[in-house]
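Worksheet: one structure, shown below.
Naming: A, B, ... by sequence-line order, numbering from 1 per chain. All values below come from the heavy atoms of this structure, side chains included, with hydrogens, waters and symmetry mates left out. Everything quoted here is computed from the prediction, not taken from an experiment.
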There are 2 protein chains.
Amino acid sequence: MVKHRANIKDVASRAGVHPSTVSRVLNPATRSMVSEDLAAEITRIANELGYRRNPLASGLRTQKSYTVAIVIPDLTNPVFPPIVRGVEHTLDAHGYNAILADSGSKQRSEKGIIENMKARQIDGLILAAARRKDPIVNDCIEEGIPLVLVNRTVDNHNVAAVINDDELGIELALKHLIELGHRCIAYIGGPQNTSTGYTRYRTFLKMLKTFDLPVDRDLIVNAKAYTEPAGQAALEHIMGYEKKFTAILTANDLLALGCYDAINEHGLNCPMDISVTGFNDMPYVDRFNPPLTTLHIPLDELGVQAALLLLERMQNPGALAKQIRLAPHMVIRESTTSPAENTPPNK
Amino acid sequence: MVKHRANIKDVASRAGVHPSTVSRVLNPATRSMVSEDLAAEITRIANELGYRRNPLASGLRTQKSYTVAIVIPDLTNPVFPPIVRGVEHTLDAHGYNAILADSGSKQRSEKGIIENMKARQIDGLILAAARRKDPIVNDCIEEGIPLVLVNRTVDNHNVAAVINDDELGIELALKHLIELGHRCIAYIGGPQNTSTGYTRYRTFLKMLKTFDLPVDRDLIVNAKAYTEPAGQAALEHIMGYEKKFTAILTANDLLALGCYDAINEHGLNCPMDISVTGFNDMPYVDRFNPPLTTLHIPLDELGVQAALLLLERMQNPGALAKQIRLAPHMVIRESTTSPAENTPPNK
DNA sequence: CGGTGTTTAACCATCGATTGATCACAGGCA
DNA sequence: TGCCTGTGATCAATCGATGGTTAAACACCG
């Protein structure tokens, strides 16, 4: 005889009441409709029987699934796991489950993901890598699915998001390099269809002016993607001009890693010949050769905040779309040094 | 007017048939109960209306959710993301969703996770880091929840699992070190309550005999956990004996990383003074200083196979529990070298 | 043409929880 | 005593899909 899981009817009959009464007791919002004594008694019996609400049945009736989806482009990018973990833990603490959708190599279009989400009555969506004009965002808004962006945002500022302060980040990195004595600073940015790529690029240009540094277009390249090969290719491109520069400010740790490759290819040394800064402080960059000077972003916290924001929005879908912005800080390691000792990169 | 998602009744009334007829048509197993012509017509209409089965309702009725849980101890350990990705993609291709349960810092007991899974009608479970005697495994078996272990297995061999060939791995690593000329080889293993920790340790001892090397217990330590601090502590412990050794074989990349720390602390150099091998070839170990010689495990493939195995078991729960074993191979980088040039570690 | 056998599709209860409508009953007040 | 009010619990419909059972339609045959 299979010990079948107690359902609401079991609890009701055991307590000698109607299932609906049990339902009301167990739902905080309706508990007041039932007398205190009975409520206590029913709660006791429910615990005794080990009753758990069946989320499928409940969800069918209420159109809620207590499940949210996290869409990320590639879980193996070390930036995302901490975010996902932060999201997952926070949601879990609130009784929500997280289903993971790695959109990267997914053959289904993003539209397909949304379809799936809708069919499954997903209560909300966390999108970890939106593009600046991302159709998925409009889909969500049209469909009325609560959405929170994390890490990157979109041009339309009416979407809730948890991002980091890119302006501050670029400023900090540039300041750091300037303080070390660098004047000729190359920039390798990210794809311009991402908010981070765009903002960091614009800020870099602005900050050059602010700090009264020369702007040389040949030293500024936006990589095609936030990947090592793209970073390497970008730096190769810059080096092709054979111009002098003593430092590279990159918009992303993986791009910085690509720079390492290009620098090594040319028989040069980081940081002796060229200083490099990253962005994100993803796990293990302190282990690289050399350990990367970069901007630390509280990735866990990003995830936690995104989850909280989503919970808030699911409770109150009409609320104004908040944008939360976390401040990065500089972590100085060994990929940057003063250019005094630099030999100019030559070929 | 909200354009509400077409349900089975909409399709039925549009086709002028009863909902159950539609249901039968859309279920491959029962399609034969309906005439071909009508089936075709219903399929056409369903597509036209963009009908998607509601998994909640369907699951409520059939006790299936088309959802699988992946339980991992810590997503930020770089070993797991590739596995998770492999699992997720494979499941997705078969119409299943994956919900992620990061058990590590989860306050709920593992029992709690199982409870949650059961309540949600989870169809199956993939457990990425079982301990050798893991209560969760028995729970699953008792509850009849299809279960597949990945990466680690349990003592009870009646459980489906996808693991890698630990014996082969240790043999390859040891052979590599011996071929370089090492004779005094330390070993830093993992927790003995994990199958990997246990098997690798036993195999190391066995292989020492096979290769006719001396067994010095002082050079053999099993770390408390697969973490960098634990690896560092283990090596510190070994170094406390001030015995000679020229290489360390570790059972895990993170342990190897901890060894780097201890080696550096003592003012020594890897590989010049001490060679180190890892195990797993987790992402970015090729970037470390020095790039780590380690055993490559096809982590993605591990995930894919685990997902396939689970799908199989969910279809046919009675089937025999298969164990799949993937072969690792050696990736030689710069953390190992011949001891000829070594200066013996002294203090 | 009536009887039997076989498809084919409709009917309806069901999964478990929720909720608007409804009823029972106690107490208050004239 | 009779009527009203309000609290507290029950009734019954519902969410969408499914599947065992049953009715209808049709073919076949003596």
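Of the candidates Leu309(A), Leu125(A), Ile126(A), Leu147(A) forms a side-chain contact (heavy atoms from CB on, under 4.5 Å) with just one, namely Leu125(A).
Residue Ala57(B) has its side chain nearest to dG16(D) when only dA9(D), dG16(D), dG16(C) are considered. Of the listed nucleotides (dA17(C), dA17(D), dG16(D)), dA17(D) has the atom at the smallest distance from the side chain of Tyr51(B). Side chain of Leu60(A), nearest nucleotide from dG16(D), dG19(D), dA9(D): dG16(D).
Less than 4.0 Å separates DNA chain C from at least one heavy atom of each of the following residues of residues 15-32 of chain A: Ser20(A), Ser23(A), Arg24(A), Asn27(A).
In this structure a side-chain-to-backbone donor-acceptor pair under 3.5 Å is present from Thr62(A) to Ser58(A).
Remark: Asn54(B) is not in phosphate contact with dG16(D), judged by side-chain N or O atoms under 4.0 Å from OP1 or OP2. Put simply, Arg61(B) has no side-chain N or O that comes within less than 4.0 Å of OP1 or OP2 on dC15(D). One finds a side-chain N or O of Ser58(B) lying less than 4.0 angstrom from the OP1 or OP2 phosphate oxygen of dT18(D).
As a whole-Å value, the separation of Ile8(B) CD1 from dG19(D) P is 10 Å. Rounded to whole Å, the distance from CG on Asp10(A) to P on dC15(C) is 11 Å. Distance, Gln63(B) CD to dG19(D) P: 11 Å, rounded to whole Å. Residue Leu56(B) contributes atom CG, which lies 14 Å from atom P of dG16(C) at whole-angstrom precision. Protein atom OH of Tyr66(A) is 8 Å distant from nucleotide atom P of dT18(C), rounded to whole Å. Distance, Arg52(B) CZ to dA17(D) P: 12 Å, rounded to whole Å. Per the geometry, CE belonging to Met33(A) stands 13 Å off C1' belonging to dG6(D), to the nearest Å. One interatomic measurement links the two molecules: CG of Asp37(B) to P of dT7(C), which rounds to 17 Å at whole-angstrom precision.
Annotation: the span from Leu310(B) atom CG to Thr90(B) atom OG1 amounts to 11.0 Å, rounded to 0.5 Å. Remark: Leu127(A) CG to Arg152(A) CZ distance equals 9.5 Å, nearest 0.5 Å.
With sequence neighbours excluded, no residue forms a ring-ring contact (aromatic ring centres under 6.0 Å, His included) with Tyr51(B).
Remark: the Asp37(B) side chain and the Ser35(B) side chain contain no N/O donor-acceptor pair separated by less than 3.5 Å.
Using a 4.0 Å heavy-atom cutoff across all strands shown, Leu38(B) reaches sugar-phosphate atoms only and no base atom.
Counting only heavy atoms from C-beta outward, the side chains of Thr43(B) and Val25(B) approach each other to under 4.5 Å.
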